[in-house]
Enquirer: 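First the structure, which I've put down as structure tokens, then a few questions once you've had a look.
Atom set for the values below is all heavy atoms of this structure, side chains included, hydrogens, waters and symmetry mates excluded.
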Amino acid sequence: MFTLKTFYKSKEWEELISLLKIQRTSNDGVLYCEHCGEPIYQKYDCIAHHVIELNDKNVNDTNISLNPKNIKLIHHRCHNQIHTRFGYVPQRRVYLVYGSPCSGKSTWVHDNANKNDLIVDIDNIWQMITVNDRYVKPNGLKTNVFVVRDCLLDMIKTRTGKWNNAYIVGGYPLAMERQRLCEQMNAEPIYIDSTYDECINRLVKANDRDYEAWSGYIKEWFDRYQPDD
């Protein structure tokens, strides 16, 4: 028997979605959003959407939960748009958005989150509590920054407040660390899968932070990164 919490992490769900992605990829090798019709270029942009929304009563009805006719493959942003039309608020979802520095995590969240979503991004917190530019991080304020972050994480864990969805943004290169945080927050991982060269190129083009320091952070992340099993 599944709960909503366990269903989306089940083998049955993961295998079905993998199969649907293969079946619904066009002859030109592109998966098209079944809501807006535009291509879904990145795998982390693809959400499997139940037309008849799952709830505690129907999650074990396979004619609803595992029925391909009830599932559309759509953009993450389209999924959010569907669920916020007419003021409808679905069950809250929490996403752990992780990847290398300069991989595009914050940009992706900015492009996909809605106005009533809660964002926990350590760079935002640094910028919020100082007069410094975004990537200037005085060591004397480190404790304050992490206390603010932990307070927000606790709000997500306890589902405090009336936010819709929550996005936790960070590097998280270690598999066990991601797994532990996802379990604590009942979160879904989203890996912003950028290559080392793509991250370095973004760093150069951004020109808003120290190249030597940040290129080192990028290299360190890729050296430490552990893919999920």
Enquirer: Could you tell me if Arg209 sits above the aromatic ring of Tyr135, with its cationic atom closer than 6.0 Å to the ring centre and no more than 45 degrees from the axis?
Expert: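 Yes, a cation-pi geometry.
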Enquirer: A quick test of your reading: do over 12 heavy atoms of other residues, nucleotides or ligands sit less than 6.0 Å from NZ of Lys219?
Expert: no
Enquirer: Say whether Ile119 and Phe146 are linked into one hydrophobic cluster, either directly or through other cluster members, by side-chain heavy-atom distances under 4.5 angstrom.
Expert: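 They do not share one cluster, since no chain of ILVMFWY contacts under 4.5 Å joins Ile119 to Phe146.
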Enquirer: Under a 4.5 Å cut-off applied to non-hydrogen side-chain atoms, are Val120 and Val169 in contact?
Expert: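 When only atoms from C-beta onward are counted, Val169 and Val120 do not touch, as no gap falls below 4.5 Å.
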Enquirer: Do Asp193 and Lys43 make a side-chain contact, defined as non-hydrogen atoms from C-beta onward lying under 4.5 Å apart?
Expert: yes
Enquirer: Under a 4.5 Å cut-off applied to non-hydrogen side-chain atoms, are Cys102 and Lys205 in contact?
Expert: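 Result no, sub-4.5 Å side-chain heavy-atom pair not found.
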Enquirer: With a cut-off of under 6.0 Å to the ring centre and 45° to the axis, is Arg93 in cation-pi contact with Tyr8?
Expert: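 Yes, Arg93 and Tyr8 form such a contact.
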Enquirer: Side-chain heavy atoms under 4.5 angstrom apart, residues restricted to Ile, Leu, Val, Met, Phe, Trp, Tyr: same cluster for Tyr225 and Leu203?
Expert: yes
Enquirer: Could you pull out every donor-acceptor pair under 3.5 Å between side chains of residues 58-67 and any protein atom, sequence neighbours left out?
Expert:
residue: Asn58; atom: OD1; partner: Asn55; partner atom: N; Å: 2.8
residue: Asn58; atom: ND2; partner: Glu53; partner atom: O; Å: 3.2
residue: Asn60; atom: OD1; partner: Phe2; partner atom: N; Å: 2.7
residue: Asn60; atom: ND2; partner: Phe2; partner atom: O; Å: 2.9
residue: Asp61; atom: OD1; partner: Asn63; partner atom: N; Å: 3.0
residue: Ser65; atom: OG; partner: Val59; partner atom: O; Å: 3.2
residue: Ser65; atom: OG; partner: Asp61; partner atom: O; Å: 3.2
residue: Asn67; atom: OD1; partner: Lys69; partner atom: N; Å: 3.0
residue: Asn67; atom: ND2; partner: Asn63; partner atom: O; Å: 3.0

Enquirer: Which heavy atom of Leu96 sits nearest to which heavy atom of Ala187, and what is that distance?
Expert: N-CB, 4.3 Å
Enquirer: Quick one: pull up CD1 in Ile17 and SG in Cys46 and give me the separation to the nearest 0.5 Å.
Expert: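 SG of Cys46 is found 8.0 Å from CD1 of Ile17.
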Enquirer: To the nearest 0.5 Å, what is the distance between NZ on Lys72 and SG on Cys33?
Expert: 9.0 Å
Enquirer: Decide yes or no for Asp208 and Trp214: does some side-chain heavy atom of the first lie under 4.5 Å from some side-chain heavy atom of the second?
Expert: no
Enquirer: Applying the 4.5 Å side-chain criterion to the ILVMFWY set and letting contacts propagate, would Leu31 and Leu16 be lumped into a single cluster?
Expert: yes
Enquirer: Between Glu14 (side chain) and Lys11 (backbone), is there a donor-acceptor pair under 3.5 Å?
Expert: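 Flag not set: sc Glu14 to bb Lys11 has no pair under 3.5 Å.
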Enquirer: Looking only at the aromatic ring of each residue, does the gap between the centers of Trp221 and Tyr217 stay below 6.0 angstrom?
Expert: no
Enquirer: Is the side chain of Thr107 donor-acceptor paired with the backbone N or O of Gly104 at a distance under 3.5 Å, no angle test?
Expert: no
Enquirer: Between the side chains of Ser194 and Arg202, does any donor sit under 3.5 Å from an acceptor?
Expert: yes
Enquirer: Are Leu20 and Ile71 close enough, and set up right, to give a side-chain contact (heavy atoms from CB on, under 4.5 Å), and what steps lead you there?
Expert: CA-CA 9 Å; Leu20 292 182; Ile71 297 169; 3.9 Å; yes
Enquirer: Taking the six-membered ring of Trp126 as reference, does the cationic atom of Arg134 (NZ for Lys, CZ for Arg) lie under 6.0 Å from its centre and within 45° of its axis?
Expert: no
Enquirer: Between Asp111 and Arg77, does any side-chain N to carboxylate O distance fall below 4.0 Å?
Expert: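 No.
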Enquirer: Is the shortest side-chain heavy-atom distance between Tyr95 and His76 below 4.5 Å?
Expert: yes
Enquirer: Show your working on side-chain contact (heavy atoms from CB on, under 4.5 Å) between Met128 and Val148 and close with a plain yes or no.
Expert: CA-CA 11 Å; Met128 175 184 67; Val148 172; 4.2 Å; yes
Enquirer: Using the rule ring pair (Phe, Tyr, Trp, His ring centres under 6.0 Å), only one of Tyr44, Tyr191, Tyr167 pairs with Tyr98; which is it?
Expert: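 Of the listed options, the one satisfying the test is Tyr191.
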Enquirer: I want to check something: taking the side chain as every heavy atom from C-beta on, are Leu54 and Leu4 in contact at a cut-off of under 4.5 Å?
Expert: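 Yes, side chains in contact.
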Enquirer: Once rounded to the nearest 0.5 Å, what's the spacing between atom CD1 of Ile129 and atom CG of Leu141?
Expert: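 Ile129 CD1 to Leu141 CG: 5.0 Å, rounded to 0.5 Å.
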Enquirer: Okay, side chain of Gln226, backbone of Leu174: is any donor-acceptor separation there less than 3.5 Å?
Expert: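 Not confirmed, Gln226 side chain does not pair with Leu174 backbone.
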Enquirer: On a heavy-atom basis, which atom in Arg159 and which in Arg92 lie closest, and how many Å separate them?
Expert: O-NH1, 2.9 Å
Enquirer: Would you indicate whether the side-chain heavy atoms of Tyr172 and Pro189 approach each other to under 4.5 Å?
Expert: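 When only atoms from C-beta onward are counted, Tyr172 and Pro189 do not touch, as no gap falls below 4.5 Å.
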Enquirer: Determine whether a donor-acceptor pair (N or O, by modelled atom type, separation under 3.5 Å) exists between the side chain of Asn112 and the backbone of Val109.
Expert: no
Enquirer: I'd like to know if the side chain of Asn201 and the backbone of Asp197 have a donor-acceptor N/O pair within less than 3.5 Å.
Expert: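 Yes, the answer is positive, given that a donor and an acceptor are paired below the 3.5 Å cut-off.
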Enquirer: Of the non-hydrogen atoms in Ile74 and Ile40, which two are nearest, and what is the gap between them?
Expert: C-CD1, 3.8 Å
Enquirer: Quick check for you: to the nearest 0.5 Å, what is the distance between Tyr32 atom OH and His75 atom NE2?
Expert: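 Reported to 0.5 Å precision, the distance equals 11.0 Å.
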Enquirer: Taking all atoms of both residues into account, what is the closest heavy-atom pair of Ser103 and Cys199, and its distance?
Expert: CA-SG, 3.7 Å
Enquirer: I would like to know whether Asn186 and Val94 meet side-chain contact (heavy atoms from CB on, under 4.5 Å); could you show each step before the answer?
Expert: CA-CA 7 Å; Asn186 190 22; Val94 178; over 6 Å; no
Enquirer: With side-chain contact (heavy atoms from CB on, under 4.5 Å) as the test, would you mind laying out the steps for Gln23 and Leu19 before giving the verdict?
Expert: CA-CA 6 Å; Gln23 292 177 340; Leu19 178 61; 3.6 Å; yes
Enquirer: Heavy-atom distance under 4.5 Å between the side chains of Tyr211 and Ile200, does that happen here?
Expert: yes
Enquirer: Rounded to the nearest 0.5 Å, what's the gap from CD on Glu38 to CG on Asp45? Could you check?
Expert: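 Interatomic distance, Glu38 CD to Asp45 CG, rounded to 0.5 Å: 12.5 Å.
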Enquirer: Indicate the atoms forming the closest heavy-atom contact of Val136 with Pro138, along with that distance.
Expert: O-CD, 3.5 Å
Enquirer: Taking Phe7 as the starting point, is it possible to reach Ile52 by hopping between hydrophobic residues whose side chains are less than 4.5 Å apart?
Expert: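 Same cluster.
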Enquirer: What is the distance from atom NZ of Lys105 to atom NE2 of His110, rounded to the nearest 0.5 Å?
Expert: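 Rounded to the nearest 0.5 Å, the NZ-NE2 separation comes out at 16.0 Å.
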Enquirer: Show me the side-chain donor-acceptor pairs of residues 150-158 shorter than 3.5 Å, one per line, residues at least two apart or across chains.
Expert:
residue: Thr158; atom: OG1; partner: Asp154; partner atom: O; Å: 2.8
residue: Thr158; atom: OG1; partner: Thr160; partner atom: OG1; Å: 2.7

Enquirer: Are Lys9 and Glu188 ion-paired here, with the side-chain N under 4.0 Å from a carboxylate O?
Expert: no
Enquirer: Do Ile190 and Trp163 belong together in a cluster built from hydrophobic side chains that touch within less than 4.5 Å?
Expert: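 Unlinked, Ile190 and Trp163 end up in two clusters.
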